[in-house]
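Given the structure is predicted, the values throughout are model-derived calculations rather than measurements. Note on naming: letters A, B, ... go to the chains in the order of the sequence lines (proteins, then strands), and numbering restarts at 1 for each one.
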There are 2 protein chains.
Amino acid sequence: MRQPATIKDVAQRAGCGVATVSRVLNNTGPASAEMRRRVLAAVEVLDFQFSEVGRSLQSNTTRTIGCVVPSLANPVYADAVQGAQEAFQRAGYQTLLVCTNYNPEIEFQAIRTLIAKQVDGFVLTVSDAETSEGLAYIENRQVPYCLLFNTAPGDQISWSVADHSAAKTVADAFAENKHNDTGFLALKFQSSDRARQRYEGFVAGCAQNGMIKPALLEIDEDSQNLTDLLGMFLQENPDITGIFASNDFLALATIRSARALALEVPGDLSIIGFDGIEVGSMVEPSLATIVTDPKMLGAGAGKSVLSVINQTPPPDFPDPDLSFSFRAGGSLAPLFAESSDDGKVASFPPSNDLTQTDTHIQQERSK
Amino acid sequence: MRQPATIKDVAQRAGCGVATVSRVLNNTGPASAEMRRRVLAAVEVLDFQFSEVGRSLQSNTTRTIGCVVPSLANPVYADAVQGAQEAFQRAGYQTLLVCTNYNPEIEFQAIRTLIAKQVDGFVLTVSDAETSEGLAYIENRQVPYCLLFNTAPGDQISWSVADHSAAKTVADAFAENKHNDTGFLALKFQSSDRARQRYEGFVAGCAQNGMIKPALLEIDEDSQNLTDLLGMFLQENPDITGIFASNDFLALATIRSARALALEVPGDLSIIGFDGIEVGSMVEPSLATIVTDPKMLGAGAGKSVLSVINQTPPPDFPDPDLSFSFRAGGSLAPLFAESSDDGKVASFPPSNDLTQTDTHIQQERSK
DNA sequence: CCTCCCAGTGGAAACGTTTCCACTTTTGTA
DNA sequence: TACAAAAGTGGAAACGTTTCCACTGGGAGG
C-alpha cells in the first residue's frame with residue numbers, strides 16, 4: 001500500500017487488459033457483466049483511484065483553474081475567491097490559488113507557472129489590465145480566462161463593479177449633503193487600475209455637481225501613520241469637509257485617525273467608504289459606503305470561464321450600473337448641520353431598512 | 001503556436017536529442033557550449049516551457065500542496081491561507097485550495113480528489129480531527145500534512161491557538177472584572193472542535209475562578225435573528241452580565257443585538273470576543289478579545305509540511321500558551337461600575353499601548 | 001603507441017492514462 | 001445453416017518528461 005495502485009494492478013488482479021479496466025471505470029465502451037464485477041472487485045480491494053496526472057497527460061486537460069488575486073487579507077478578494085471556488089467545485093474543477101501582493105512581477109511569474117501546470121482556465125484580478133504582461137501571455141497562449149474587478153480595456157468581459165460610475169454616485173451623495181470641498185484617499189494608487197478608476201469617476205462626478213476638484217491623498221504602506229498623513233493633508237486642504245476612501249477598511253481607519261486628531265465624524269468631517277463590508281454597519285457611526293457583492297462577482301467570473309471552457313452559453317452578465325448600490329450611514333451628514341452636542345444624535349444612522357433593501361437587491365442579482 | 005512546443009520540438013530545432021535538451025535546461029549532466037547555445041536559441045524562438053504534467057508523471061511529484069479550510073468568508077481562515085500560500089510560493093510550490101463549508105462530506109471528497117491530483121502535501125483545517133474520514137485517508141496514503149487550527153488528538157503537530165487555555169484567560173478576565181454569571185455564544189458548535197475546546201476551556205476557567213458554570217447559546221445560521229435568540233437567552237438566564245462570543249464577528253453582532261434590545265455595552269452587558277480582527281479596535285466601544293495571528297499560523301503550518309516533504313528541520317513551533325494574548329477593550333467593564341451617564345466615558349478603551357504591545361509580541365513570534 | 005577515462009551525446013524505457021485498432025466470440029437474421 | 005453485424009476484449013501507441021545506458025571521440029598517462 002506504499003505505492004498507490006495503478007490501472008495495471010487492477011487489470012492484473014481482475015485478469016484482463018488495462019483497456020477493459022478503463023472502459024469499465026469510465027463507462028465508455030462495452031464490457032460484460034462478469035468483467036464489470038471482477039474489475040469493480042479489484043478496485044475495491046486495491047482501493048484504486050485514477051491518477052489525475054496520467055489522465056491529464058493523455059487528455060490534455062487538468063480540470064484545474066488558476067485563480068490569481070492580489071491578496072486574501074482584503075475581504076473583498078477573499079469573498080470573491082470563495083465564490084469562484086464554489087462555482088468550480090460544483091463543476092468538478094479544482095482551484096489553484098495565487099496571491100500576487102499587488103506585484104506585477106509575481107503576477108507574471110505566477111501566470112507562467114500556472115500555464116506550465118496546464119490550468120484549463122483563469123480567473124484573475126491583475127494590477128493593470130492594460131499593461132499586464134501576464135494577461136498578454138495568457139491571450140497569446142489562448143487559455144480561456146475571465147477578468148475580475150479589472151476594467152477590461154478591450155472587448156473582454158470582466159466581472160467587476162462599475163468603479164467609475166460608483167464613484168460618481170459618491171460624488172452625488174456628497175453633493176446632496178451640500179459638501180463642496182472633498183478629498184480622495186487611496187492605497188496602492190499607482191499599481192491599481194481600480195483605485196484610478198474610482199478617482200477619475202469621483203473627479204468627474206464632482207465636476208458634474210459643480211464641486212471643487214477633490215484633492216488626492218495617496219498612502220503607501222498599511223496606514224501605520226495614517227493619522228499624521230491625514231493631519232498634514234487636512235492642513236494643506238483646510239476646507240475639506242468630506243473624504244472618499246477607496247475602501248471600507250481605509251474609511252474605518254480614517255474615522256479613527258480623525259478622532260485622534262480631535263475631529264468629529266460626521267460633525268467635522270464626513271466619510272464615505274467603498275465595498276460595503278459587513279462591519280461597516282456594525283460600527284457607530286455606521287459607515288456610508290458603496291455596497292458591492294464580491295462573492296457574486298467571483299462566482300460569476302468563475303461561471304464565465306467554465307462556460308468558455310465547456311462551450312456552453314455564458315452566464316447572464318449583470319448590468320454594470322446595478323453592480324453596486326449606495327448605503328447611507330452615520331458617517332455622512334449634511335454640511336452646516338454641525339451643532340456640537342445634539343447634532344450627534346440627529347445624524348445617527350438612517351433607517352436600517354434602507355440598508356437591508358439594498359443588500360437584498362444585490363442578493364437577488366446573484367441568482 | 002496553437003499547440004505549445006514540446007521538448008521534441010526544441011530538440012529537433014536545435015538538432016540534438018531530447019536528452020540533451022533536458023540536460024541543458026535542467027543543468028544536469030554535461031553539455032558543450034555550442035549545444036547549450038543552440039538549445040537556448042531554440043527555446044527562445046519557440047517560447048518553450050516544460051509541461052509540468054509530463055514532469056509530474058515522471059518525477060512522481062507535483063510541487064503542489066492542498067490547502068483545505070472551512071471558508072474564506074471568515075477572515076481568520078483567509079489570513080491563514082494567505083500565510084500558507086506565501087510560504088508555498090517562496091518555496092516554489094503552488095496552492096490547491098478547497099473550501100469545505102464546514103461539511104465533512106465535502107471535506108472527504110475534496111481530500112480524495114486532491115490525492116488523485118497527487119498533491120505533495122496538505123495543510124488543513126478539518127471539522128473534527130478525531131473523526132475526520134479525510135484525515136484518516138491522508139494518513140493511510142502517507143501523504144505529508146500539517147493541521148491548522150485543529151487540536152490534534154494524537155501526536156501530530158498542529159498550528160493552532162491554544163483554544164482551551166485562551167478560553168481560560170477569558171474567564172480570568174471576567175473574574176477580574178467581578179463578573180460571576182456568564183454565557184458562551186457559538187456558531188457551528190456541533191461541527192467544530194474549535195468551538196467545543198473554547199467552551200470547555202471557558203467552563204474550566206470559570207470553575208477555577210469560582211464562577212457559575214456558563215450557559216451555552218448555540219446558534220445555527222448566520223445570525224439573522226440573533227437579536228431574538230439573544231433576547232430569549234437573556235430572559236432564560238436573567239443574571240448574566242458577560243458573554244464570551246466564540247469569534248469577533250459574532251461578538252460585534254452581539255453588541256449590535258444587545259443595543260437593539262436596549263442594553264448598554266458594557267454598562268448592562270460585557271462582551272469578549274475571540275480572534276482579534278482588526279476592526280475590533282476601530283469600533284466604539286472597542287472589543288475586548290483574544291488576539292491571535294492566523295497568518296503566522298498558516299505560514300507556520302505551511303513551513304511544517306514543506307519541512308517534512310523536503311526532509312529539512314521543522315520550523316520552530318511557538319509555545320502554545322503564547323499563541324494568543326488578551327486585548328482589553330471597552331466592551332468589557334467591571335461589574336457594579338454601571339453608572340448610566342458618566343460610566344460610559346470611564347469605561348472607554350484602556351491604554352492603546354497595551355494593544356500595540358500585545359500584537360507586537362505576536363509579530364515577533366512569527367519570525 | 002596503447003589504454004583508460006571522461007566529456008558529450010542520443011536512443012529508449014518508464015511514469016499512468018485513454019483510445020484506436022484488430023481480433024475473437026456471440027447474437028441476430030435470412 | 002450460413003453469414004453479417006455487434007459485442008467483448010487486449011495490445012500498443014501516444015501524451016511530455018527524466019534518466020539509464022551505450023556509444024563515440026579525444027586527451028592524458030603509462
Side-chain angles (χ1 to χ4, degrees), chain A residues 2-40 42-43 46-64 112-120 141, chain B residues 2-40 42-43 46-64 112-120 141:
Chain A
R2 265 329 290 262
Q3 299 297 351
T6 76
I7 198 176
K8 280 183 195 158
D9 301 323
V10 176
Q12 187 171 8
R13 186 164 193 108
C16 66
V18 291
T20 303
V21 176
S22 176
R23 276 190 298 257
V24 168
L25 262 27
N26 294 307
N27 258 325
T28 160
S32 66
E34 167 64 6
M35 263 305 160
R36 197 163 246 107
R37 200 192 53 70
R38 298 217 313 255
V39 168
L40 259 24
V43 165
L46 294 175
D47 195 12
F48 169 76
Q49 207 180 353
F50 279 124
S51 156
E52 287 297 330
V53 177
R55 254 184 173 173
S56 295
L57 182 59
Q58 156 69 27
S59 67
N60 216 29
T61 218
T62 54
R63 295 194 85 76
T64 297
R112 279 189 74 97
T113 310
L114 293 185
I115 285 196
K117 286 220 156 107
Q118 285 216 47
V119 293
D120 292 339
R141 283 291 214 261
Chain B
R2 266 332 287 265
Q3 300 297 354
T6 77
I7 199 176
K8 281 183 196 160
D9 301 323
V10 176
Q12 187 171 8
R13 185 161 194 109
C16 64
V18 291
T20 303
V21 176
S22 177
R23 276 190 297 257
V24 168
L25 261 28
N26 293 308
N27 260 323
T28 159
S32 68
E34 167 64 6
M35 263 305 158
R36 197 162 246 108
R37 201 190 54 71
R38 296 214 319 250
V39 168
L40 260 23
V43 165
L46 294 175
D47 195 12
F48 169 78
Q49 207 180 352
F50 280 123
S51 156
E52 287 297 328
V53 177
R55 250 182 177 175
S56 295
L57 182 58
Q58 157 68 29
S59 67
N60 216 30
T61 217
T62 55
R63 296 195 83 78
T64 297
R112 278 189 76 95
T113 311
L114 292 186
I115 285 196
K117 287 222 155 110
Q118 285 215 44
V119 294
D120 293 340
R141 282 293 215 265

**OP:** Apply side-chain contact (heavy atoms from CB on, under 4.5 Å) to B/V21 and B/K8, showing your working.
**Re:** CA-CA 9 Å; B/V21 176; B/K8 281 183 196 160; over 6 Å; no
Protein N or O to nucleotides 7-9 of chain C N or O, pairs below 3.5 Å:
from: C/dT9; atom 1: OP1; to: B/S32; atom 2: OG; distance (Å): 2.9
from: C/dT9; atom 1: OP2; to: B/S32; atom 2: N; distance (Å): 2.7
from: C/dT9; atom 1: OP2; to: B/S32; atom 2: OG; distance (Å): 3.0

Enumerate the protein-to-nucleotides 13-17 of chain C contacts in which both atoms are nitrogen or oxygen and the separation is below 3.5 Å.
from: C/dA14; atom 1: N3; to: B/Q58; atom 2: OE1; distance (Å): 3.4
from: C/dG16; atom 1: N2; to: A/G54; atom 2: O; distance (Å): 3.3
from: C/dT17; atom 1: OP1; to: A/S51; atom 2: N; distance (Å): 2.9
from: C/dT17; atom 1: OP2; to: A/I7; atom 2: N; distance (Å): 2.8

Subject >> Axial bend angle, the helix from C/dC1-D/dG30 to C/dA30-D/dT1: five-pair end segments, nearest 10° >> reply: 50°
Original post:
Is a donor on one side and an acceptor on the other found under 3.5 Å between the side chain of A/R38 and the backbone of A/G15?
Top reply: yes
**OP:** State the OG1-CG distance between A/T6 and A/L46, to the nearest 0.5 angstrom.
**Re:** 9.0 Å
Subject >> Check: B/R55 side chain, B/F50 main-chain N or O, donor-acceptor pair, under 3.5 Å >> reply: no
Original post:
Once you round it to whole Å, what is the distance between C1' of D/dT19 and CG of B/N27?
Top reply: 16 Å
Original post:
With distance as the sole test, does A/Q49 use its side chain to make a donor-acceptor pair with the main-chain N or O of B/R112 at under 3.5 Å?
Top reply: yes
Subject >> Straight-line distance of A/E52 CD to B/T113 OG1, nearest 0.5 Å >> reply: 8.0 Å
**OP:** Please report the C-alpha distance between A/C16 and A/M35 in whole Å, then the side-chain angles of each, then the deciding distance to 0.1 Å, and finally whether the side-chain contact (heavy atoms from CB on, under 4.5 Å) criterion is met.
**Re:** CA-CA 8 Å; A/C16 66; A/M35 263 305 160; 3.7 Å; yes
**OP:** Would you please say whether a donor-acceptor pair under 3.5 Å links the side chains of B/K117 and B/T64?
**Re:** no
**OP:** Keeping the roles fixed (side chain from B/T28, backbone from B/R23), state whether a donor-acceptor pair exists under 3.5 Å.
**Re:** no
Original post:
Side-chain contact, heavy-atom cut-off 4.5 Å: B/N27 with B/R36?
Top reply: yes
